[in-house]
Amino acid sequence: QTSNPYGLPLQQSIEDYRKSVALDSNKRMVLIADFVPDVLLDIKYAGKENVFYTQLYPRPIALTRLPAAKALANAQKEFNENGVGLKIYDGYRPYSITVQMYEMLPDTVYMGLPWQGSKHNRGIALDLTLVELKTGGELRMPTPFDALVYAAHPEFKKLPEEVIRNRELLKSVMKKHGFSVDPVEWWHYNYVDTSRTFELMDIPIDLMEREVLNSKSQKKE
Ligand SMILES: C[C@@H](N)C(=O)N[C@H](C)C(=O)O
Ligand SMILES: [Zn+2]
């Protein structure tokens with residue numbers, strides 16, 4: 001582990017990551033799509049259509065820690081029983097991307113703070129919404145993703161009934177399966193695990209994807 005200007009401990013190499021996984025296999029990073037059947041991916045930071053008007057990832061990659069992926073699979077099962085499914089906007093996000101985001105948009109309410117790090121950097125935060133199973137169309141939610149407004153708060157009430165119903169379905173099923181909603185962003189969920197600390201990581205997302213794919217193919221051999 002190495003430090004950054006804020007003195008935060010960061011995992012910056014695959015070797016450091018491998019060491020922590022060797023000590024606790026629940027820290028393994030996985031592809032969300034490998035665990036959550038029929039999940040849709042719309043990784044906003046892999047293109048320019050996002051709040052920063054900037055492409056931050058080389059391609060759409062959605063990764064999270066193993067227990068978060070398993071919990072999300074359980075949530076997906078219950079959503080599917082209600083005729084809806086999950087669409088993922090973001091998962092693991094390297095620490096230096098959080099720093100870059102804050103430099104572009106220095107907002108202390110809605111942005112991950114470089115001096116704290118984000119749960120996305122720990123691989124346990126997910127940005128997501130719901131889609132109709134039949135059409136794949138997004139359910140009406142209070143705001144678009146990354147709208148930095150009061151209406152994005154998950155308790156905001158001045159909304160059409162249908163929108164509240166959709167948001168509350170998302171909240172209740174996610175909570176039941178081990179996630180807590182961010183206090184200011186209806187789309188942001190943290191996987192809650194009080195038994196271990198998931199380290200902050202600054203490993204490029206494509207490098208992490210390669211690691212995940214390599215360990216998958218080694219398991220098959
Ligand atoms: C940038 C936004 N999508 C986000 O994820 N904000 C939270 C607070 C975070 O960075 O952890
Ligand atoms: Zn988020």
Side-chain angles (χ1 to χ4, degrees), residues 4-6 8-11 29-32 36 39-57 60-65 67-69 71-72 75 86-131 138-139 141-156 167 170-171 173-175 177-193 197-205 208:
N4 69 333
Y6 303 99
L8 285 176
L10 290 178
Q11 275 185 1
M29 295 285 284
V30 298
L31 290 172
I32 293 173
V36 183
V39 68
L40 299 187
L41 303 183
D42 181 10
I43 306 303
K44 297 291 190 188
Y45 306 133
K48 287 190 177 168
E49 275 180 43
N50 56 55
V51 71
F52 310 104
Y53 300 102
T54 304
Q55 180 173 352
L56 296 161
Y57 301 160
I61 301 172
L63 298 163
T64 192
R65 302 274 190 179
L72 200 63
L86 286 160
K87 182 195 257 194
I88 307 295
Y89 295 137
D90 197 24
Y92 166 63
R93 182 188 305 160
Y95 171 79
S96 49
I97 302 287
T98 289
V99 175
Q100 200 183 338
M101 285 175 166
Y102 188 79
E103 283 167 359
M104 289 187 282
L105 223 168
D107 183 292
T108 53
V109 176
Y110 296 94
M111 290 293 118
L113 305 174
W115 51 96
Q116 287 178 357
S118 158
K119 292 209 164 65
H120 284 285
N121 312 145
R122 297 182 188 274
I124 50 169
L126 298 159
D127 295 334
L128 45 79
T129 193
L130 290 175
V131 295
E138 287 188 13
L139 264 60
M141 287 292 177
T143 67
F145 172 61
D146 268 351
L148 313 183
V149 295
Y150 197 55
H153 295 206
E155 301 305 328
F156 187 77
R167 183 192 66 192
L170 182 61
K171 274 163 63 179
V173 174
M174 291 298 285
K175 186 173 176 202
H177 293 286
F179 294 89
S180 68
V181 70
D182 184 88
V184 296
E185 298 176 352
W186 64 261
W187 57 83
H188 176 114
Y189 284 85
N190 296 316
Y191 177 67
V192 181
D193 183 343
T197 302
F198 294 98
E199 291 87 353
L200 290 165
M201 297 183 286
D202 195 19
I203 298 169
I205 196 163
M208 185 57 93

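Counting convention: from 1, in listed order, for ligands and their atoms alike.
The atom of D127 that is an N, O or S and sits closest to the Zn ion (ligand 2) is OD1. Closest N/O/S atom of H188 to the Zn ion (ligand 2): ND1.
When atom types are taken as modelled, the side chain of S118 and the backbone of H120 share a donor-acceptor pair closer than 3.5 angstrom.
Looking at E138 and K87, a side-chain N of the basic residue comes within less than 4.0 Å of a carboxylate O on the acidic one, giving a salt bridge.
Looking at residues two or more places apart in sequence or on another chain, you find a side-chain hydrogen bond (donor to acceptor under 3.5 Å, both in side chains) between N121 and T98. The side-chain hydrogen bond (donor to acceptor under 3.5 Å, both in side chains) test applied to D193 returns S195, R196, not counting sequence neighbours.
Ring orientation note: the planes of W115 and Y102 are nearly perpendicular, at an angle over 60° on the 30°/60° scale. The aromatic rings of F145 and Y45 sit tilted relative to each other, their planes meeting at an angle between 30° and 60°.
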Please tabulate protein-ligand N/O pairs under 3.5 Å for ligand 1, atom names and distances to 0.1 Å.
{"residue": "ligand 1", "atom": "3 (N)", "partner": "Y45", "partner atom": "OH", "Å": "2.9"}
{"residue": "ligand 1", "atom": "3 (N)", "partner": "D146", "partner atom": "OD1", "Å": "2.7"}
{"residue": "ligand 1", "atom": "5 (O)", "partner": "R93", "partner atom": "NH1", "Å": "3.2"}
{"residue": "ligand 1", "atom": "5 (O)", "partner": "R93", "partner atom": "NH2", "Å": "3.0"}
{"residue": "ligand 1", "atom": "5 (O)", "partner": "H120", "partner atom": "NE2", "Å": "3.3"}
{"residue": "ligand 1", "atom": "6 (N)", "partner": "Y110", "partner atom": "O", "Å": "3.0"}
{"residue": "ligand 1", "atom": "6 (N)", "partner": "E185", "partner atom": "OE2", "Å": "3.4"}
{"residue": "ligand 1", "atom": "10 (O)", "partner": "R93", "partner atom": "NH1", "Å": "3.0"}
{"residue": "ligand 1", "atom": "10 (O)", "partner": "G112", "partner atom": "N", "Å": "3.1"}
{"residue": "ligand 1", "atom": "11 (O)", "partner": "S118", "partner atom": "OG", "Å": "2.6"}

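Counting only residues at least two apart or in different chains, salt bridge (Lys or Arg N to Asp or Glu O under 4.0 Å) contacts with residues 143-156 comprise E155-K171.
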